[in-house]
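Quick notes on the structure that follows.
Read the numbers this way: they start at 1 and go in the same order the structure lists the ligands and their atoms. When reading the values below, keep in mind they use all heavy atoms of this one structure, side chains included, and skip hydrogens, waters and symmetry mates.
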Amino acid sequence: MKILVTGAAGYIGSHFVKKALDRYPTVKICAVDDLREGHNQAVPDSERVTFHNLAMDNEAALDPVLAREKPVAVVHFAANAYVGESQEKPFKYFDNNVTGSLILFKLLAKYGVNKVIFSSSCTTYGNPQYVPIDENHPQNPINVYGTTKLMIEKALHGLHLASGWSYVSLRYFNAAGADDEGAIGESHDPETHLIPLVLQAALGRREAISIYGNDYDTEDGTCIRDYVHVYDLAEAHCLALDKLLSLKEGESTFDAINLGTSKGASVEEVIKTCEKVSGRSIKRKVTERRAGDPAKLVADYTRAKEILGWEPKYDLERIIETAWAWESSRQY
Ligand code: UDP
């Protein structure tokens with residue numbers, strides 16, 4: 001059996017591929033990534049992985065790959081994922097995230113592949129009306145990135161209604177951490193995420209970490225987010241995939257599931273935990289608030305537990321330990 005993985009050389013996609021190879025000893029993976037943001041070295045060198053360097057919107061190149069490889073399902077990670085950039089270059093995000101996904105779906109339909117695990121995001125909820133956020137929270141994204149993720153969730157639902165596709169949209173909160181063995185990890189250019197930036201400050205690669213506002217309505221005044229380990233995310237993808245692969249002929253299903261830990265951590269708490277794990281003191285400077293940052297985003301993951309039997313295994317300190325191991329000796 002073969003699974004198509006798009007964005008396989010990206011941060012979360014590569015951790016999924018590594019985990020899936022361990023978890024499914026006979027499954028083969030057709031890995032696709034255009035390497036514009038992904039890293040070649042992040043894709044495991046395995047005879048069970050075939051790697052294709054191409055973009056989702058390259059219909060002419062993707063078509064023969066699907067014809068030849070005959071995947072039974074797709075785990076669709078490929079996307080641009082910078083909120084700030086999506087506001088500056090909306091059409092890049094509409095083209096790559098939306099049009100690219102639709103081209104992929106059209107080809108999947110052509111080859112009878114109708115099972116999709118989709119990387120969605122808590123960004124689709126917009127400003128929270130309540131926390132913890134469950135899946136029934138209204139989806140009103142406040143930026144282009146979140147809008148593109150919601151558009152694809154809707155497209156998948158349309159395909160479920162029209163053609164009986166089965167899909168699970170997994171709405172990630174703050175993905176963080178790295179491989180336990182330090183083989184793969186987070187590497188964005190530019191890096192905008194809190195934990196790698198704090199650890200780079202600990203290593204002296206940055207002078208200080210900027211705290212984007214300490215006057216929020218939270219206990220210590222800094223923003224609260226729900227950090228979830230990338231292997232916990234990968235495990236949830238496997239559980240969702242198991243569910244779709246166990247469907248009987250003619251059955252179809254759909255779901256949207258939050259992936260977070262339900263435990264929020266403030267920016268200050270993250271920095272303190274990074275100091276503890278690294279054994280170094282980290283210089284902070286408080287700067288202005290970043291536009292569009294809600295004070296608190298925390299998941300209610302009850303549905304993931306009920307539907308998938310999923311529980312996050314890594315707490316904040318473990319997450320940061322794995323990120324520290326990676327950041328201290330990263331390969332790419
Ligand atoms: N943040 C910060 N300084 C930084 C980067 C991020 O204070 O240099 C804060 C940001 O305002 C947010 C939290 O850290 O409250 C997590 O931000 P990140 O960009 O990692 O993820 P996001 O929540 O935006 O998806």
Q. Would Lys272 and Asp220 pass as an ion pair if we require N to O under 4.0 Å?
A. no
With no hydrogens and no angle check, just 3.5 Å: does a side-chain donor-acceptor pair link Thr50 and Glu69?
yes
(Q) Yes or no: does Tyr216 have any heavy atom under 4.0 Å from an atom of ligand 1? (A) no
Atoms of ligand 1 under 4.0 Å from any heavy atom of Ile211, numbered from 1 in the order shown, are 7 (O)
The atoms of ligand 1 lying under 4.0 Å from a heavy atom of Ser210, numbered in the order shown, are 2 (C), 3 (N), 4 (C), 7 (O), 8 (O)
In ligand 1, the atoms that come under 4.0 Å of a heavy atom of Thr192 are 5 (C), 19 (O)
For Cys223, the atoms of ligand 1 under 4.0 Å from one of its heavy atoms are 15 (O)
Checking Val5, Val168, Ile3 against Ile117 for side-chain contact (heavy atoms from CB on, under 4.5 Å), the one that qualifies is Val168
Heavy-atom proximity to atom 18 (P) of ligand 1, picking from Lys285, Lys296, Arg290, points to Arg290
**Asked** Are Tyr125 and Asn258 close enough that a side-chain donor and a side-chain acceptor fall under 3.5 Å?
**Response** yes
Asn174 heavy atoms within 4.0 Å reach ligand 1 at atoms 16 (C), 21 (O), 22 (P), 23 (O), 25 (O)
*asked:* Is it the case that ligand 1 has an N or O less than 3.5 angstrom from some N or O of Arg225?
replied: yes
Note: Ile209, heavy atoms under 4.0 Å from ligand 1, region reported as side chain
So the atoms of ligand 1 within less than 4.0 Å of a heavy atom of Leu197 turn out to be 8 (O)
### Query
Cut-off 3.5 Å, side chains only: do Asn114 and Tyr167 have a donor facing an acceptor?
no
Would you call the rings of Tyr314 and His229 parallel, tilted or perpendicular, where under 30° means parallel and over 60° means perpendicular?
-> parallel
*Assess the side chains of Tyr11 and Glu37: does a donor N or O sit below 3.5 Å from an acceptor N or O?*
no
protein heavy-atom neighbour closest to atom 11 (O) of ligand 1 works out as Asp293 OD2, 2.6 Å
Any heavy atom of Val267 under 4.0 Å from ligand 1? The part involved is side chain
message: So that I can tick it off, tell me whether Lys18 and Glu181 are bridged by a salt bridge, with the cut-off set at under 4.0 angstrom between side-chain N and carboxylate O.
response: yes
Tyr227 heavy atoms within 4.0 Å reach ligand 1 at atoms 13 (C), 16 (C)
Any donor-acceptor pair under 3.5 Å linking the side-chain atoms of Tyr301 with those of Glu311? yes
Atom 20 (O) of ligand 1 sits nearest the protein heavy atom Leu194 N, 2.8 Å
of all protein heavy atoms, closest to atom 4 (C) of ligand 1 is Tyr212 CE1, 3.3 Å
Ionic contact status for Glu207 with Lys285, cut-off 4.0 Å: no
